[in-house]
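First comes the structure, then the notes that go with it.
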Amino acid sequence: MSVEELRVSKIRDGTVIDHISGGYALDVVKILGITGKERCVVTIAINVFSRRFGVKDIVKIEGRFLSVDEVSRIALVAPCASINVVRDYVVVEKLEVKTPRVIFGVVRCVNSVCITNSDEPVGSKFSVDSVDPLVLKCHYCGYVLEKRDVLSQM
C-alpha cells in the first residue's frame, strides 16, 4: 500500500477532523460524545502517515457538524487539528483549531477547596499556560491541570 493511497472513503456531508496528534482520535470521539449508537457513520484512522507530523489521527463523522463549544473542547487535546466541513463531497469550510488563552466552563477545577466547587454559583475559569503539553491554571485558586486531568473529565 503506497503512502498516497486513500485508506478511507470520502463523506458526503459532515465533518472531518484532521491533523489530530497521533493516538488522540479516541479522545476526540469521547469529547464529542460519540458512542457508536448514534446511527451515523464514523471513521477513525489512528497513527496514519503525515508529512507534516510524521503520524496523525483523523476522525470523519457523516451527517454531523460541530458546535463552537465542541471545537473548543477539541482544541484542548488536539491543538493542531483542522476541521473540514463537507457538503455534497466538497470541503466548503476549513477551520484551524485554536486553543483559547482563557477557558470558561469547559473543565472544572479538581481542587476540592476551590470556590468553583463550593455552593457559590461561580463557573470555572482557566488560563492556558501551555498548549503542548497542555497546562491550565485555575483563575481562582491557582491549581494546575494537565492534559490527563482534562481528559479524565471529558
Side-chain angles (χ1 to χ4, degrees), residues 1-110 116 121 123-139 144-154:
M1 187 177 301
S2 75
V3 173
E4 304 299 321
E5 187 173 333
L6 183 65
R7 292 181 182 225
V8 293
S9 62
K10 293 181 176 184
I11 62 173
R12 179 180 194 130
D13 296 295
T15 303
V16 177
I17 307 163
D18 198 0
H19 302 108
I20 302 167
S21 300
Y24 284 95
L26 296 178
D27 293 313
V28 169
V29 169
K30 183 178 175 186
I31 286 169
L32 297 175
I34 296 171
T35 64
K37 297 177 181 125
E38 294 79 17
R39 310 210 26 102
C40 65
V41 175
V42 177
T43 304
I44 301 170
I46 298 175
N47 293 320
V48 297
F49 173 77
S50 167
R51 285 187 200 105
R52 188 167 146 197
F53 299 110
V55 294
K56 68 178 180 178
D57 292 358
I58 305 167
V59 176
K60 294 183 176 191
I61 311 160
E62 187 86 38
R64 175 145 176 217
F65 303 95
L66 305 184
S67 69
V68 173
D69 181 57
E70 289 172 322
V71 173
S72 295
R73 289 176 185 267
I74 290 169
L76 295 175
V77 297
C80 297
S82 60
I83 297 177
N84 300 310
V85 177
V86 179
R87 296 198 189 277
D88 203 20
Y89 298 104
V90 175
V91 174
V92 295
E93 186 176 7
K94 189 173 188 115
L95 307 165
E96 294 296 320
V97 171
K98 299 284 186 218
T99 305
R101 295 178 61 97
V102 178
I103 298 169
F104 299 95
V106 175
V107 293
R108 62 177 173 71
C109 186
V110 296
T116 61
S124 66
K125 179 179 177 182
F126 289 89
S127 60
V128 178
D129 284 0
S130 172
V131 173
D132 195 13
L134 182 65
V135 177
L136 306 179
K137 185 175 181 182
C138 179
H139 173 76
V144 174
L145 271 71
E146 296 176 348
K147 191 177 221 172
R148 64 180 148 68
D149 301 313
V150 171
L151 287 172
S152 71
Q153 294 184 40
M154 299 292 167

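Only a predicted model underlies this, so the values are computations on that prediction, with no experimental measurement involved.
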inquiry  = Run the salt bridge (Lys or Arg N to Asp or Glu O under 4.0 Å) test against R148 and tell me which residues pass, sequence neighbours left out.
reply    = E146
Donor-acceptor contacts under 3.5 Å from residues 32-41 side chains, at least two apart:
from	atom 1	to	atom 2	distance (Å)
T35	OG1	K37	N	3.3
T35	OG1	E38	OE2	3.0
E38	OE1	T35	N	3.2
E38	OE1	G36	N	2.8
E38	OE2	T35	N	2.8

inquiry  = A quick test of your reading: do over 12 heavy atoms of other residues, nucleotides or ligands sit less than 6.0 Å from CZ of R101?
reply    = no
message = Can you pull out every ring-ring contact (aromatic ring centres under 6.0 Å, His included) where at least one residue sits in residues 25-48? Sequence neighbours excluded, please.
response = none
remark   = Those residues at least two apart in sequence (or on a different chain) that pass side-chain contact (heavy atoms from CB on, under 4.5 Å) with L26 are I44, I46
inquiry  = Going by the rule salt bridge (Lys or Arg N to Asp or Glu O under 4.0 Å), which residues pair with R12 if we only count those two or more places apart in sequence or in a different chain?
reply    = D88
request  = Just grab all the ring-ring contact (aromatic ring centres under 6.0 Å, His included) pairs involving residues 54-110, residues at least two apart or on different chains.
outcome  = none
note = Scanning both residues in full, the closest heavy-atom pair of D149 with V144 reads OD2-O, 4.2 Å
query = Looking at residues at least two apart in the chain, or sitting in another chain, which of them share a side-chain contact (heavy atoms from CB on, under 4.5 Å) with V110?
reply = R108, Y143, L145, Q153
V77: side-chain contact (heavy atoms from CB on, under 4.5 Å) partners, not counting sequence neighbours = V28, I31, K147, L151
Side chains of residues 14-21: which donor-acceptor partners sit under 3.5 Å, not counting sequence neighbours?
from	atom 1	to	atom 2	distance (Å)
T15	OG1	R64	O	2.6
D18	OD1	K56	NZ	3.0
D18	OD2	K56	NZ	3.4
H19	ND1	S82	OG	3.1

Shortest non-hydrogen separation from F53 to C80 and the atoms involved = CZ-CB, 3.8 Å
request  = Identify, with sequence neighbours excluded, every residue that meets side-chain contact (heavy atoms from CB on, under 4.5 Å) alongside S152.
outcome  = none
